[in-house]
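Remarks on the structure that follows.
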Amino acid sequence: MTPSDSKASSDFIRTIIAQDIKEGKYEGPVHTRFPPEPNGYLHIGHAKSICLNFGIAAEHTGGLCNLRFDDTNPVKEEAEYIEAIREDVRWLGFDWGDREYYASDYFDRLYEFALRLVREGRAYVDDLTPEEIREYRGTPFEAGRESPYRNRTVEENLDLLERMRKGEFPDGSRVLRAKIDMAHPNLNMRDPVMYRVLHAPHHRTGNRWCIYPMYDFAHGQSDAIEGITHSICTLEFEDHRPLYDWFLDALKIHHPRQIEFARLNLTHTVMSKRKLLKLVEEGHVEGWDDPRMPTLSGLRRRGYTPEAIRDFCARIGVAKKDSTVDIALLEHCLREDLNKKAPRVMGVLRPLKIVIKNYPAGKVDELNAVNNPEDPSAGTRKVPFSGVLYIERDDFMEDPPKKFYRLAPGREVRLRYAYFITCVDVIKDEKTGEIVELHCTYDPETRGGDAPDERKVKATLHWVSAAHAIPAEVRLFDHLFSEADPEKGMEEKDFPALLNPDSRKTLKECFVEPSLKGAAPGRQFQLERLGYFCVDSKDSREDHLVLNRTVTLRDTWAKIRKKEAKKQGG
RNA sequence: UCGGGUGUCGUCCAAUGGUAGGACAGCAGACUCUGGAUCUGCCUAUCGAGGUUCGAAUCCUUGCACCCGAGCCA
């Protein structure tokens, strides 16, 4: 192994951790955690965090990464999301062993912690209404005011907190607050709420609790309880860090080192769970796993591979600068992976019928086709050829421009792995003028795709034999939003207006080669010259094949066409 | 106006006082039974102004821009 083989990517977080280890700051091995809230599905932004946390643990001997659900708000969280999150993390390729934890596992200890702070006079029960609390908090520019309930006795606080826990008070009537500093320039330190009354059943603790800890009072302590050494989170928690420090110090418990990084943004999509949830709830997409969604379940259904996503996460790096990664990089990683792995088959999306006039009637030939030119071990297969075929409509032009070198009247091209054919006649619908079929001749000497006289053709087309082809429905996907940045200058509630109306096109009359018969859900392959596709895991049936286009191939011809169009359009 | 952050090619990430480099995107070409893949070449950047230094993306001063923060959300 050369040094470059094992060269791990580095970033400022890994640098800090390496330094901490060098200085012997922590007793045990590196211990991280991935802490999702089960209130939605995981998206590619979470993948960045998952790869970071599990990746760092894996890079150190004895390193561990926990999966912890931050389930402190029963009104927003659902058990359905937990299973989905587990599946997504596993699919991405990470293993948390038996270390699956829940903040709700710690409710008893958290309550004990709260009691301790109350006894020490560091927390109090406040009777202010939510509106009053906001008012008393002040603003970033002016100090807040202390609540009139701030100086209750320890006994009174203990009594009130216990009665909150027992359910004597309605939602919103009282909270437990930390007694810190109402004039602190960091708003998080102005007596933050630790517990609120919420008469709601919890998906794990049922009706055992009617008060629930705030995230700020649960997160740091959960990390401490689990012995996390490095608590990696996103930038918006940076100014919560002093508060976490305050709790940890007051409680005198293990103190992980928190490091913040910038969350991932991607062009042509949205990433916040709120927005994704809105797309789902308002029916702009078919669900969390709609193949256009940036969710892991959506990407999976679309045909993305875990390897491609991990590669992407490695390439985007980690930093503290707000950034928006071009979705083209994600697509590049995908193509690179699929190019190595996906078997090639032929299929026609917009069929144009071809009749080979000089081909013996009724004859069927079996031609050899390479399964994957990038991988000889993938072998070869037989593809049936006959006198009536379909080719792609886009592969013929009656009046071709200079740079078009596919089929045209009088022109010879190659049918992949088959024969050279020449177009001799164009048959049109008399009324509409639409081209309904092409008449061609073939050269029997070119069987397999090479001419004995070494003559060349400029194009090779994909095709299927009409009598042997399998019908399929094919869904073509494009960016969810046509704008690169749908968050820019847009009221949050209005962003669906920017949705790309052409993000999904369904083609119902496609044909694929017979080797795809009975293809299992999720199966992936390349349709030569068209792109990578997979069998839809939800809608495909034995007798009704449904394919998703995962991503197109790089398409130089499309680029030329676009450029020409732009030139003419001015 | 307060607190916390961040400013390097179009985009993302490096360079930690010593030649500003890589990837994606773009452009041009080679090759090709996928206009795929592959290969080659090209293009473009240190937020501004001062200073320290033989030498500054990096240190200092100052200005500017952008992001986060006033949930009983996470």
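Computed from heavy atoms alone, side chains included, the values below leave out hydrogens, waters and symmetry copies. Letters A, B, ... mirror the listed sequences (proteins, then strands); counts begin at 1.
Within 3.5 Å, no donor on the side chain of A:E142 pairs with an acceptor on the base of B:U1, nor the reverse. You won't find any donor-acceptor pair under 3.5 Å spanning the side chain of A:R554 and the base of B:G35, going by distance alone.
As judged by a 4.0 angstrom heavy-atom cut-off over every strand, A:I316 is placed among residues touching the sugar-phosphate backbone only.
Rounded to whole Å, atom C1' of B:C68 lies 11 Å from atom CG of A:N186. Separating the NE2 atom of A:H268 from the C1' atom of B:A25 is a distance of 11 Å, rounded to the nearest angstrom. Note: CZ (A:R335) to C1' (B:U34) measures 14 Å, nearest angstrom. Rounded to an integer number of Å, the gap from A:D326 CG to B:A25 P is 8 Å. Between the CD atom of A:E37 and the P atom of B:G71 there is a distance of 18 Å, rounded to whole Å. Nucleotide B:G10 holds its C1' atom 15 Å from the CG atom of A:D485, rounded to whole Å. Distance CG (A:L264) to P (B:U11): 16 Å, rounded to an integer number of Å. Regarding A:R14, its CZ atom lies at a distance of 14 Å from the P atom of B:C13, rounded to whole Å.
No donor-acceptor contact under 3.5 angstrom links the side chains of A:H203 and A:E78, judged on distance only. Of the N and O atoms on the side chains of A:T380 and A:N368, not one donor lies less than 3.5 Å from an acceptor on the other residue.
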Filtered N/O pairs between nucleotides 4-8 of chain B and protein, under 3.5 Å:
unit_1 : atom_1 : unit_2 : atom_2 : d
B:U8   : OP2    : A:K321 : NZ     : 2.5

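The aromatic rings of A:F69 and A:Y102 lie parallel to each other, their planes meeting at an angle below 30°, with 60° marking the opposite boundary. The aromatic rings of A:Y419 and A:Y442 lie perpendicular to each other, with more than 60° between the two planes, well past the 30° mark. In this structure, A:Y41 and A:Y81 have perpendicular ring planes: the angle between them is above 60°, well past the 30° mark. The aromatic rings of A:F107 and A:H202 sit perpendicular to each other, their planes meeting at more than 60°, with 30° as the lower class boundary. Classified by interplanar angle (parallel below 30°, tilted 30° to 60°, perpendicular above 60°), the ring pair A:H43/A:H46 is tilted.
Nearest nucleotide to the A:V325 side chain, out of B:C72, B:G36, B:C12: B:C12. For A:T139, whose side chain is taken as the heavy atoms from C-beta onward, the closest listed nucleotide among B:G3, B:C68, B:A70 is B:A70. Between B:A25, B:A74, B:G36, one nucleotide has an atom nearer to the side chain of A:E374 than all others, and that is B:G36. Of the listed nucleotides (B:A70, B:A28, B:C73), B:A28 has the atom at the smallest distance from the side chain of A:K563. Listed nucleotides B:A74, B:C24, B:A70 differ in distance to A:A328; the shortest reach to its side chain belongs to B:C24.
Comparing the same atom, P, in B:A37 and in B:C24 gives a spacing of 12 Å after rounding to whole Å. Using atom P as the reference point in both B:C42 and B:A23, the two lie 13 Å apart (nearest Å). Comparing B:A56 with B:A20, their P atoms are spaced 11 Å from each other, to the whole Å. For the C1' atom pair drawn from B:C27 and B:G10, the interatomic distance equals 13 Å after rounding to whole Å. With P as the reference atom, B:U8 and B:G3 are 24 Å apart, rounded to whole Å. Between B:U61 and B:G5, the two P atoms lie 16 Å apart (nearest whole Å).
Note on A:H462: every side-chain N or O is 4.0 Å or more away from OP1 and OP2 of B:U34. For B:G26, one of the phosphate oxygens OP1 or OP2 lies less than 4.0 angstrom from a side-chain nitrogen or oxygen of A:K559. Taking 4.0 angstrom as the limit, A:T72 places a side-chain polar atom (N or O) nearer than this to OP1 or OP2 of B:A74. Between A:R561 and the phosphate of B:G35, there is no side-chain N or O to OP1/OP2 separation shorter than 4.0 Å. Note on A:R137: a side-chain N or O is less than 4.0 Å away from OP1 or OP2 of B:G71. OP1 or OP2 of B:C12 has not a single side-chain nitrogen or oxygen of A:R315 nearer than 4.0 Å. Put simply, A:S323 has a side-chain N or O that comes within less than 4.0 Å of OP1 or OP2 on B:C13. A sub-4.0 Å separation between OP1 or OP2 of B:G26 and a side-chain N or O of A:K562 is absent. A sub-4.0 Å separation between OP1 or OP2 of B:G36 and a side-chain N or O of A:T556 is present.
Judged by distance alone, the side chain of A:R381 and the main-chain N or O of A:L367 form no donor-acceptor pair under 3.5 Å.
Residue-environment remark: CZ (A:R263) stays at or below the threshold of 12 foreign heavy atoms within 6.0 Å.
In summary, A:E37 and A:K76 do not engage in a salt bridge, as defined by a charged side-chain N under 4.0 Å from a carboxylate O.
Annotated stems with RNA chain B as a participant read B:2-7 with B:64-69, B:10-13 with B:21-24, B:26-30 with B:38-42, B:47-51 with B:59-63, given as range with range, by first number; only runs of 3 or more Watson-Crick or G-U pairs under 3.5 Å qualify.
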**OP:** Could you go through the side-chain contact (heavy atoms from CB on, under 4.5 Å) check for A:R344 and A:E374 one step at a time?
**Re:** CA-CA 10 Å; A:R344 273 62 167 172; A:E374 304 290 323; 3.8 Å; yes

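Ring-to-base geometry places A:F141 in a stacked arrangement with B:U1 (centre distance under 5.5 Å, plane angle under 30°).
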